[in-house]
Amino acid sequence: MQASLDIADAGFLVYLVEREPSIGGHMAQLDKTFPTLDCSSCILTPKMVDVARHPNIQLISYAEVVGADGGIGHFKVGVKQKPRYVDVDRCTGCGLCVEACRLKGRISSEFDVGVSKRGAVYIPFPQAVPLKATIDPERCVFITRGVCGKVPACEEACSAEAIDFQQKEEMIGLEVGAIIVATGFDLFDARLKPEFGYGLYPNVITGLQFERLSSASGPTRGKITLNGQEPKKVVFIQCVGSRDKSVGVEYCSRVCCMFTAKQAHLVKEKIPDAEVTVLYIDVRAFGKGFEEFYDRVRGEGVMYRRGNASEICKRGERLIVMAEDTLLGESVQLEADLVVLATGITPRGDAQDLATLLRLSTSPDGFFQEAHPKLRPVETEREGVYLAGCCQGPKDIPDGVAQAKAAASSVIIALRNGMEVS
Amino acid sequence: MKVRKFLEVKEGDTLATLRGFLQRLLEKEIVEALLVPLEAPSGDTVMPALVKEPARLEKANPLAPVMPVNAARLVSSLTIGKPKEKIGALLRSCEIRALIELVKLQQAHLENLMIIGLDCLGTYEVTDYAKLISSEDGSPTMGLVRGAKEGSLSPHEGYQFRSACRICEYPVPQNTALTIGLLGVDGKRILVEAQEELAERLELTEGEAASREEVIKKLVEARIEERDRLFAQFRERVVDIRGLLAQFSTCTGCYNCTVACPICYCKECLFRTSTFEHESDRYLRWAQRKGAIQMPTDTLLFQLTRLNHMVTSCVGCGMCESACPSDIPLTTIFRAVGQEVQAMFDYLPGRSLEDELPLATFKEDELTELGETQ
Amino acid sequence: MEGQNLAQAYRLFECIQCGRCTGGCPMSLKTRFNIRRLIYEALVDEDMDLQSKEVLWDCSTCATCTLRCPKGLDPTDMVIGMRSILVDGGRIPPTIRDALKSLAIRGNPLTMAREERADWAEGLGVKEISEGAEVLYFVGCSPSYDPRVQKVAKAMVQAFKKAEVEFGILGNEEVCCGSEARRMGETGLFEMLREMNLETLERYPVELVVTTSPHCYNAFQNEYQGLNLKVQHYTQFVAGLINEGRLPLSKEVRRIVTYQDPCFLGKQNKIFEEPRKILRSIPGLELRELDRSRERSLCCEGGGGRMWAEGTNPEERLAHTRVQEAMDLGAEVLATACPFCLLTLEDAAKTVAGEGGIQVMDIMELVVEAL
Amino acid sequence: MGLRIGVYVCHCGVNIAATVDVEAVTRFALGLPSVAIARDYTYMCSDPGQALIKEDIKKFGLTKVVVASCSPMMHEPTFRGTIQEAGLNPYCLEMANIREQCSWVHEEEEEATRKAIQLVAAAVDKAFLLEPLEERRVAVTSAALVIGGGIAGMQAALDIANAGFQVYLVEKEPRLGGHLAQLDKTFPTLEPVAPLLAEEIREVEGHPNIDLLTSAEVIGLEGYIGNFKVNVTDQATIRELKVGTILVATGYDLFDARLKPEYGYGIYEKVITGLEFERLVSLSGSRKFWVNGKEPQDVLFIQCVGSRDKSVGQEYCSRICCMYTAKQALLVKEMLPQARVTVLYMDVRAYGKGFEEFYDQVRGEGVLYRRGNPSEIYKNGKRLIVRVEDTLLGEPVQLEADLVVLATGITPRRDSPKIANLLKLPRSPDGFFMEAHPKLRPVDTVTEGIYLAGCCQGPKDIPDTVTQAKAAAASAMIPLCQGQVKVEAVTSIIDEELCSGCGICAEMCVYDALSLHERKGVMTINEVLCKGCGACAAACPSKAIKLSHFTPAQILAQVDALV
Amino acid sequence: MNEDFEPKIVAFLCNWCAYVGADLAGTSRIQYPPNVRIIRMMCSGAVDPVYVIKPLLDGADGVLIGGCHPGDCHYQEGNYKARRRVAILKNILRQMGFDEERIWLRWISASEGQVFAETVTAMVKALKEKGPNPLKELWGT
């Protein structure tokens, strides 16, 4: 989004292709941002709206790039527009169809990371841009089985006559001078570390799930509760799927230390009498204001214990986190009502495919490879294709924004030079 | 360093001695013009005048216990354009405090200004003063000057000082270059406080006024007692909304208070601007909706808003009350309400140029409980 | 310079001291054995005195530390290396010394006679492999000699016969796989036993070796370089038989059973499904899972030579905990698939539950009940 | 022509109409004074809905339009566009939010309808008083100034110049390169710095669009975005530069290790800083590494010297020391394989791309990491003794060393208060320049047209610096590309007749948009700087200053209609 | 408590946080009593005390001012300015015999739709307990 805005502001036409029904990415899911504790949606929403309204930005959501030929100045990009089964020109985003869907509350919500449920027709979140409904083709019974009552409930509910089951996949051809890849990241799948019992114990959750739990716009309206109960002992475990060769993730995910610190703070803020423990190896509070924030969080009574958790099991209703406190040199078993796993950042599952498609290379960690690690951090080997954000490697928000702007700078240069030539 | 010197009273005439002293300020070019109260031609009041010619000071009467106008307003007019000549202004404590506020509001400047303060022995309403001076009893002034030594400042029988003066805790001026003192000084001398070098140019004599501090303290204590009594009365009156209405409902919207107030510095009061001008059908619509509306409208809004704008800077000179045709006890209201609001920010209007105006600043870490869910 | 050599040999410099090894170590729950600190001491203490470190004999080589290490180090191996130094220096507990001596002389750690190894099979009609068979059943030491575990071996035979598996045993030619010798720090002895077994195995044209013990399985699978035979733990083999319909389990076994994952089978070789598959195939049997199971299973303390060493805190036993957990689940039978687990847990069951309480059984014993 | 207001009430399908009696609202609106036409429609935002409004504007000669529909957050821009197309000023629109704040939150039709009616009445009353506003633009000088010729400044200058704009690059020192020029190799790739840098410098020096001013300093600044006037001196002469945007890349200083006397820096010659180590390695040519003519046997690195240390007022992490120490430790190990190399640390912050892997590699080469930050260094004979608690052992230890390298942190430049003052840049508590928003505007400052790059904003490694420089370049060239900058239409406006010049408004303004006109004695507003928050207007007792589009008259009219 | 009495609340909400929070309550369909009338401001720091006094004198039963949480102000410090002004105003009104609890200042972020709805609900409840603004009757408003 940032890259698009900058390039568009500089006067160039931008096609923004987003595979999900709404732009916003992972940040839209966050509650507060570290270390300033700004409300994430307060600062993100205006930016999303800016993107939607910018006269130089053409937003192509729910679509995927399927090919890119040519070179700098004359790329031919193929985009596959997936059918939403909703006429976006008619849809007003009112949400009546969402309410009407027969599968309402039956499908795990991607946006809330499974903490809540949606229907087969859905608007990912209230501030979504574009604010249009989308029908999940894999779940909608009308699409999969061809029947949904006499008339599909959504169609019946929609007064704007926007539901359109006739929609087909469409191919769009774009001609562009430069390409920015900002495809983001996936989160490490905590199931790959079975010793933590994620997926087995409902009160072992990931950091992102915690965000939805603590977000005022999330399913619990910002109350940190599990089955209606406030946890009194919360343990955060760092480096889950980071710095861990045993699961093939050698690198540091860069953001977990701070998001954990922030989440620990939020627990303390919302449940002041909760015991909050963070298990860590090294606290990487490296950015502006980070160490200060880490100091503050400890000052608030969050207990940092050095030693990464090895295993989680259960004793009665409580979880037991087994770890060594390496500073005591002793094994400890911490009781917990809630365990939050700071799952790391991994390359997107389809990063390799996209790399092949765009003829880019990836570094050993699976992220896209920049042209030079020091001096050309946003360029790629393919001239005219630039990288922004976490697709190049883990990054926090300011670093992600800075890199997007940097990529925009390269694109502006390319386009302006192209302009002069022609 | 400030020194305390004395002026010998010649022939028992304090006023003449003082006039002579003021003339000296002009003659020695310590100031090039003097703002000082002169006796009006009618003789029944005094009005401030800007004097350049020493001879004109024959009519000066800073001792007259009357204050038709708070001269801070005049100093504002004189200095807002930054005068090239040095002006001396002979002012009472409340005038000086108002001036300090005006300086913070950029409505006056202290460059080329010499503040000459005079112990204030209390003032009568203009009409009372006029009556007194024309009565057979003679001057209302000398009795007070005589009482200054002991601090026994009782008003003339059958009369009262203005309510502002009755509860004034600042008979002695602050932030002056030169202070003329009467309280606790025997009638043979007038006390003069000034910077050493200035004092030397003024041909003063040495001496002592040992009881001055004691006398002032006693006087202030008595005033505070009276103040607290008045405040308590006021608070009883306004325990609920009826009290509020009782205080303000007689307001006629004449805006005299804003004119008399030294601090009301707006060129035009908001309530006299187009924002509060309405078309006739609007009044009718209101009346239609509510059955009846008070006319003039918005007087209560005006009073509360003025309170909101002024209360942090109000120095309690009481000119508003003196000017009010409806006898609204504005002095007490502003002083009583002001006391608490000013305390919130440890602010005393007129105390010092260093103190920031409460309405012109704010702090990140103050009042933190406000805004949080209760 | 001991520390430096160890650091070099086991890449200890790469350790980031995160504590996951110790945090997961079952022994750290009950003794002062702290593997993270051992690594660190080896790094920073040039004159590290291993000789006084009695705790080294606490390790059951369950390998949780190795599995959990985020930097790909093998602390288990380091402990073994440290034990080697102790063995070389002669500082070993007498019970261990006896076991090792027995291994060297008799080919088993149980101080039993070499020629009595196949006595258990007498009268069962078990072929010697020399008579020719596709499947070699490698019995192992405890199943051969220990009366309790012999029952498992016998159950194996019964099942094999039922499934009409053509199998044979090595008889007295069989010697210990050496797994425990290696883990007690006697690398030389292990290599010797390995050579002996390899030599024996080469002589017979078998296609598959099936072991009773996960320890033997692990040794063959991971530590017998040069062994070109397919090796299976019996749970894998039996699960296969059931799958193929060759072993019909027809009798109901109305019992509530829970299962202990042996470390060498589960954690170390990721064989989680097959044992459960077998148990679930037994009609009437209700399988309940322990909270700590599969990758998070709790060690019984029987491995790594611990059958012959009490360790520094013999009063507290993890097996007790385990039995208690099984009882809390309401299980009537605590099943396992490892001779060491069987012995340690049964011991514990007697102490915790007393006679007639929860029963500890090998999966094979349940299978036989269902035949 | 008098005031003619059109009111449009949207059904939003059933979203509004199901709860609010839309027809009743419309009937009510029609009865309001000055309302020339009131209509309801299924979807006001749809093309036919918008067409309806446009037709009416022409047909009825409407001067103001009220749309009662969803939140203005959704469609205010839409309808502004609509009425603009029909020839009205876009600010002659007022919206009544009868969906998000009415029909969606209330179930009871009567109450919801009553509320909707009031909201429409308030909107009409406000519309009555709306005034057209102009979206003005000011021209931009097509050039940028870059302050600082380190890697950040150079990269930014190159980007802007490559995009075809004139760049003035002002560097205080006689040569370009900044701190980077002092380094030997970079982490984690171990690439030699010199050739990389030389290439970059050559490019800057040879660029036709870059006007390089070395040994020069900025001494004066006035103006605002698009139109800055900057005075630059090279001691001898003063030059006035006219630029549209300014990029600050003034870099950092290193922490002075003398402020931690317990380490004996400046007393023991074998206690050196990381930067001195770089020079030592560069000079010894990466072949031999000598200290006092001898190969050191024990080399000890100490991290966090002047970082994460409140005792010296450096609360923050310097971000780069962990990795440059790792790199230096590796260099020692490569040159002297027999040496014992120890790093004393608190947390190893190997957070960047390839960093953890590098840290793994360094340890793998035999560098010993011990957790614990030393307390003091003293001498025993010829050797240095470092006292430290090894926190993993939980024991105090004394380590001998032939060479101690202090990883000194990054601090704000000593002259940054001066620069901050000159450019009116706020500084964050750590002393670095403050960005406009720590998350989403990391390179902008609160002053539009001034941007930050590199370590002047906070510690950064090379890729982050280069990235940020390019990011700042993007921000700095956008106004240049546009050729003009938009001025916020909703700004404060001053009625000079009413203004007494008291300056309270200026005290309230965080954007420095207000100043006293010396001659007139009234306040004046710089509309380019005003962001339209209205804090000034709320403070002005006489309302001589008002926020346009939110004037007291307009708001009081709304209040009147709503109560 | 007078159950039949429906208090009238005027709310001044800042454009960036509280107003968006109120919108979110709508998009999330969180129901709250219809007693509140919202006026959009650019910033809580732009709320002039006159705007608060005026509705109260005209008979509104309560005034709600909603701004961004401390530190979150779109204009950096507007909410702190609002806070001081409201503090002064409340103090003055209280001293003049007016019930200051009819004025609420609340920090409501853009993501706190629920908080907005709860605030309105709580305020309506509190005002019902207080009963109608006495000025309505006494001042003929």
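As a basis for the values below, the full set of heavy atoms in this structure was taken, side chains included, without hydrogen atoms, waters or symmetry mates. Numbers restart at 1 for each chain; the letters A, B, ... are given by sequence-line order, proteins then strands.
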Max heavy-atom pairs within cutoff under 4.5 Å with chain A, candidates D/R371, D/R99, D/E191, D/Q155, goes to D/R371
Side-chain donor-acceptor pair present, D/R319, D/Y351, cut-off under 3.5 Å:
yes
Please classify the contact between A/L375 and chain D as side chain, backbone, both or neither, with a heavy-atom cut-off of under 4.5 Å.
both
Ionic contact status for A/R90 with A/E161, cut-off 4.0 Å
yes
Whether D/S103 side chain and D/N15 backbone form a donor-acceptor pair below 3.5 Å:
yes
Tell me the closest heavy-atom pair linking A/A408 and A/I7, and the distance in Å.
CB-CG1, 3.7 Å
Would a distance-only check, ignoring hydrogens and angles, find a side-chain to backbone donor-acceptor pair under 3.5 Å from A/Y386 to A/A404?
no
Can you say whether D/F355 sits under 4.5 Å from chain A via the side chain, the backbone, both, or neither, judging by heavy atoms?
neither
Basic-acidic side-chain contact under 4.0 Å: D/K470, D/D464
no
Using a strict threshold of under 4.0 Å (side-chain N to carboxylate O), is an ion pair present between D/R308 and A/D295?
no
Is chain D contacted by the side chain of A/V283, its backbone, both, or neither, given a heavy-atom distance below 4.5 Å?
both
Please state whether the side chain, the backbone, both or neither of A/E324 comes within less than 4.5 Å of a heavy atom of chain D.
neither
For A/I163, does its backbone N or O pair with a side-chain atom of A/E155 as donor and acceptor, under 3.5 Å?
no
Measuring heavy-atom distances to chain A, does D/T42 have an atom under 4.5 Å in its side chain, in its backbone, in both, or in neither?
neither
Would you give the length of the straight line joining atom CG of A/D365 to atom CD of D/E356, rounded to the nearest 0.5 angstrom?
12.0 Å
Top contributor to chain D interface from A/K405, A/R284, A/H372 [non-hydrogen pairs under 4.5 Å]:
A/R284
Residue D/N162 versus chain A: region with a heavy atom under 4.5 Å
both
So, the part of A/S242 with a heavy atom under 4.5 Å from chain D: the answer is neither
Of the listed D/R441, D/Q468, D/E357, the one with the largest count of heavy-atom pairs under 4.5 Å with chain A is D/E357
Given heavy-atom pairs under 4.5 angstrom as the criterion, report whether the side chain, backbone, both or neither of A/L328 touches chain D.
neither
When the 4.5 angstrom heavy-atom criterion is applied to D/I151 and chain A, the contacting part is side chain
Top of D/D430, D/I320, D/D390, D/L480 for chain A proximity - count of heavy-atom pairs under 4.5 angstrom:
D/D430
Before we go on, tell me: are the rings of A/H26 and A/F185 under 6.0 Å apart, centre to centre?
yes
Pick one of side chain, backbone, both or neither for D/V348, based on which atoms fall under 4.5 Å of a heavy atom in chain A.
both
Output yes when D/D347 and A/R306 qualify as a salt bridge under the 4.0 Å nitrogen-oxygen rule, no when they do not.
no
Contact part of D/F432 toward chain A, heavy-atom cut-off under 4.5 Å: side chain, backbone, both or neither?
both
Which atoms of A/E250 come close to chain D, meaning under 4.5 Å heavy atom to heavy atom: side chain ones, backbone ones, both, or neither?
both
Counting heavy-atom pairs under 4.5 angstrom with chain D, the leader among A/G11, A/G393, A/P377 is A/P377
Heavy-atom distance under 4.5 Å to chain D: side chain of A/P394, backbone, both or neither?
neither
Tell me yes or no: between the side chains of D/T186 and D/Y324, is some donor less than 3.5 Å from an acceptor?
no
Max heavy-atom pair count under 4.5 Å with chain D, selected residue of A/I412, A/T326, A/V255
A/T326
So, A/R296 and D/E315, do they make that salt bridge, N to O below 4.0 Å?
no
Less than 4.5 Å to any heavy atom of chain A: does that hold for the side chain of D/K460, its backbone, both, or neither?
neither
Which region of D/D360, side chain (C-beta onward) or backbone (N, CA, C, O), has a non-hydrogen atom less than 4.5 Å from a non-hydrogen atom of chain A, or is it both or neither?
side chain
